[in-house]
Amino acid sequence: MHAQSARGDSAAVVDVVAQFHASLAGGNSARAVSVLAEDLIVLEAGSAETYSEYLGHHLAADMKAAKTSTGERTVTRVTVIGNAAFLVARALTPGTTANPQGSESAEMMVLSKTATGWRIRAIHWSSRLRRV
């Protein structure tokens, strides 16, 4: 793969994941789902959800949480290998009255390049109380 192509693919991967997060925060489920592959697997809190399970009950909760999130998300790594890619990001959420310590989370998304663009095939989210 040429360096120019890899940079373009890396930027496209970042854009797709940013679109997913913006769609969650904006409450636009149709747009969020448009970047997900139908064989999606979501790993979080010790469970694994299929595409149907995620759409059926987890997507709405993620949109609700994203609307009120004040966390700062930073992409720390993007790796593209052919038609596959993974993105790693971290987020820090400030404390609140209910959770004065705040939280920190990690995210890994696996994407594949399709005829219609990059699609998210796997999501792994983990979080913990923020270490101060």
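Heads up: numbering here begins at 1 and tracks the sequence.
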**OP:** Evaluate the criterion side-chain contact (heavy atoms from CB on, under 4.5 Å) for residue pair His21 and Arg73; output intermediate values, then yes/no.
**Re:** CA-CA 10 Å; His21 282 287; Arg73 192 174 157 279; 3.2 Å; yes

Original post:
Quick check: does any side chain N or O of Ser69 sit under 3.5 Å from a backbone N or O of Ala65, one acting as donor and the other as acceptor?
Top reply: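 No, the answer is negative, given that no donor and acceptor are paired below the 3.5 Å cut-off.
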
Original post:
Taking side chain as C-beta onward, heavy atoms only, is Met109 less than 4.5 Å from His124?
Top reply: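 Sidechains of His124 and Met109: no contact.
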
Original post:
Can you check whether Glu44 reaches His58 side chain to side chain, under 4.5 Å on heavy atoms?
Top reply: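 The answer is yes, as the side chains (C-beta and beyond) meet within the 4.5 Å cut-off.
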
Subject >> Closest non-hydrogen atom pair between Ile41 and Ala48, with its separation >> reply: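 It is CD1-CB, 4.0 Å.
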
Original post:
Can you name the closest pair of heavy atoms from Ala12 and Trp118 and give their distance?
Top reply: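 Looking at all heavy atoms of both residues, the closest pair is CB-CD1, 3.7 Å.
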
**OP:** Take Thr50 and Ser52, measure what side-chain hydrogen bond (donor to acceptor under 3.5 Å, both in side chains) needs, and give me the verdict at the end.
**Re:** CA-CA 5 Å; Thr50 65; Ser52 296; 4.8 Å; no

Subject >> Step-by-step side-chain contact (heavy atoms from CB on, under 4.5 Å) determination, Asp62 to Lys64 >> reply: CA-CA 5 Å; Asp62 283 349; Lys64 182 177 179 182; over 6 Å; no

Determine all donor-acceptor pairs shorter than 3.5 Å in which one atom belongs to a side chain in residues 27-37; sequence neighbours excluded.
residue : atom : partner : partner atom : Å
Asn28   : OD1  : Ala30   : N            : 3.4
Asn28   : OD1  : Arg31   : N            : 3.0
Ser34   : OG   : Arg31   : O            : 2.6

To the nearest 0.5 Å, what is the distance between [atom1] ([X]) and [atom2] ([Y])?
{"X": "Leu43", "Y": "Ser126", "atom1": "CG", "atom2": "OG", "value": "10.5 Å"}
{"X": "Arg121", "Y": "Ser112", "atom1": "CZ", "atom2": "OG", "value": "4.0 Å"}
{"X": "Leu87", "Y": "Met108", "atom1": "CG", "atom2": "CE", "value": "9.0 Å"}

**OP:** Output, in order, the C-alpha distance, side-chain angles, deciding distance and verdict of side-chain hydrogen bond (donor to acceptor under 3.5 Å, both in side chains) for Arg77 and Thr79.
**Re:** CA-CA 7 Å; Arg77 182 173 181 179; Thr79 301; 3.3 Å; yes

Check for me, please, whether [X] and [Y] land in the same ILVMFWY cluster - side-chain distances under 4.5 Å, paths through other members count.
{"X": "Ile123", "Y": "Met63", "answer": "yes"}
{"X": "Val75", "Y": "Phe86", "answer": "no"}
{"X": "Leu24", "Y": "Tyr51", "answer": "yes"}
{"X": "Val14", "Y": "Val80", "answer": "yes"}
{"X": "Ile120", "Y": "Leu55", "answer": "yes"}

**OP:** Mind running side-chain contact (heavy atoms from CB on, under 4.5 Å) on Ser10 and Val78 for me, showing each step along the way?
**Re:** CA-CA 6 Å; Ser10 292; Val78 178; 4.0 Å; yes

**OP:** Walk me through it: do Val17 and Asp15 pass the test side-chain contact (heavy atoms from CB on, under 4.5 Å)?
**Re:** CA-CA 6 Å; Val17 174; Asp15 287 346; over 6 Å; no

**OP:** Kindly assign one of parallel, tilted or perpendicular to the pair Trp125 and Phe20, based on the angle between their ring planes and the thresholds 30° and 60°.
**Re:**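 Ring orientation, 0 to 90° scale: parallel.
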
Original post:
Should the pair Arg90-Glu107 be classified as a salt bridge under the 4.0 Å nitrogen-to-oxygen rule?
Top reply: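 Looking at Glu107 together with Arg90, the answer is no, because their closest N to O distance does not fall below 4.0 Å.
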
